[in-house]
Amino acid sequence: MATVLELQNIQKKFKDRTILESVNLNLQDGEFLSLLGPSGCGKSTLLRLMAGLENPTSGTLSWHTAEKKTAFVFQEAQLLSWRTVLENVRLPLEIQAKLSQKEQDEKSHFALQKVNLTSFESFFPHELSGGMKMRVSIARALSASPKILFMDEPFSALDEITRFGMQKQLRTLCEQDKLSVVFVTHSSYEAAFLADRVLLMSAQGGQFLLNEKIIYSQPREDSLRLSPDYHSHIAKISAKMSESFL
């Protein structure tokens with residue numbers, strides 16, 4: 001796979017505190033990359049730097065693609081309460097102002113199809129469950145046809161049944177649309193289910209304690225959660241996590 005984004009010697013400081021120190025990282029085309037680590041380790045900061053929402057204190061961030069089309073999904077859905085589901089999904093297209101109203105609606109409708117929410121287009125956010133709100137947020141990100149999707153713990157507030165369903169749906173969507181994804185999580189179980197590669201970050205300095213490729217002999221379906229391969233990856237990640245606190 002070709003590299004689409006490269007970070008070299010990235011440092012990030014907030015006042016006198018160094019959050020990230022000499023981070024080197026490549027994101028491959030079509031890769032699902034999970035950033036895993038304890039609270040405060042710099043996962044979200046690194047994600048925001050990669051997405052261009054923050055600037056590094058030093059180091060270089062290089063794009064190796066002619067088409068830099070990205071989208072960001074936050075931990076909370078952040079929907080506009082006065083807009084319907086369809087209107088919320090349409091928002092990025094309105095801001096771009098490149099398409100007619102009809103074309104915007106068509107693309108938004110198609111994005112909602114991908115997350116199975118077309119029957120809720122006229123609903124308002126307060127009429128939706130937490131899982132449905134997050135699906136609207138993902139549809140909004142997909143409406144502008146990004147090539148790279150940045151996601152900051154989008155499923156952390158969901159119940160387990162909803163979270164499992166969202167994980168499977170997200171993985172399917174990413175494979176269908178051939179997206180590159182950078183996904184921040186606290187959960188080794190979530191990272192091992194979703195990712196092609198897991199980076200485990202140290203508690204301080206943003207160093208990578210583990211760079212683990214995730215390879216399975218079966219699809220990313222619910223049955224995978226019971227497989228020896230899945231639990232082998234979780235055991236390896238968990239062991240490295242334990243080492244970091246010794």
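Because the structure is a prediction, the values reported are computed rather than measured.
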Hydrophobic cluster (4.5 angstrom, side-chain heavy atoms) - remaining members for L99: L93

Contacts of Y189 that satisfy ring pair (Phe, Tyr, Trp, His ring centres under 6.0 Å) - sequence neighbours left out: none

No-hydrogen, no-angle side-chain donor-acceptor test under 3.5 Å, Q8 and E6: yes

Co-members of the apolar cluster containing I95 [side chain, <4.5 Å]: L80, W82, L91

Set of ring pair (Phe, Tyr, Trp, His ring centres under 6.0 Å) partners for F193, sequence neighbours left out: none

Within residues 42-54 or reaching into it, pairs that qualify as salt bridge (Lys or Arg N to Asp or Glu O under 4.0 Å) - sequence neighbours excluded: K12-E54, R48-E54

Set of salt bridge (Lys or Arg N to Asp or Glu O under 4.0 Å) partners for K69, sequence neighbours left out: none

Selection residues 123-140 - residue pairs positive for side chain to side chain donor-acceptor pair (under 3.5 Å), sequence neighbours left out: none

Results of ring pair (Phe, Tyr, Trp, His ring centres under 6.0 Å) for F123 - residues two or more places apart only: F120

For Y216, all residues meeting ring pair (Phe, Tyr, Trp, His ring centres under 6.0 Å), sequence neighbours excluded: H233

Pairs involving residues 18-33, ordered by first then second residue, that meet salt bridge (Lys or Arg N to Asp or Glu O under 4.0 Å) (sequence neighbours left out): E31-R197

May I have the list of side-chain donor-acceptor pairs in residues 106-113 shorter than 3.5 Å, sequence neighbours left out?
{"residue": "K107", "atom": "NZ", "partner": "S145", "partner atom": "OG", "Å": "2.9"}
{"residue": "S108", "atom": "OG", "partner": "Q104", "partner atom": "O", "Å": "2.8"}
{"residue": "H109", "atom": "ND1", "partner": "E121", "partner atom": "OE2", "Å": "2.4"}

Selection residues 154-178 - residue pairs positive for salt bridge (Lys or Arg N to Asp or Glu O under 4.0 Å), sequence neighbours left out: K114-D177, K168-E221, K168-D222, R171-E175, R171-D196

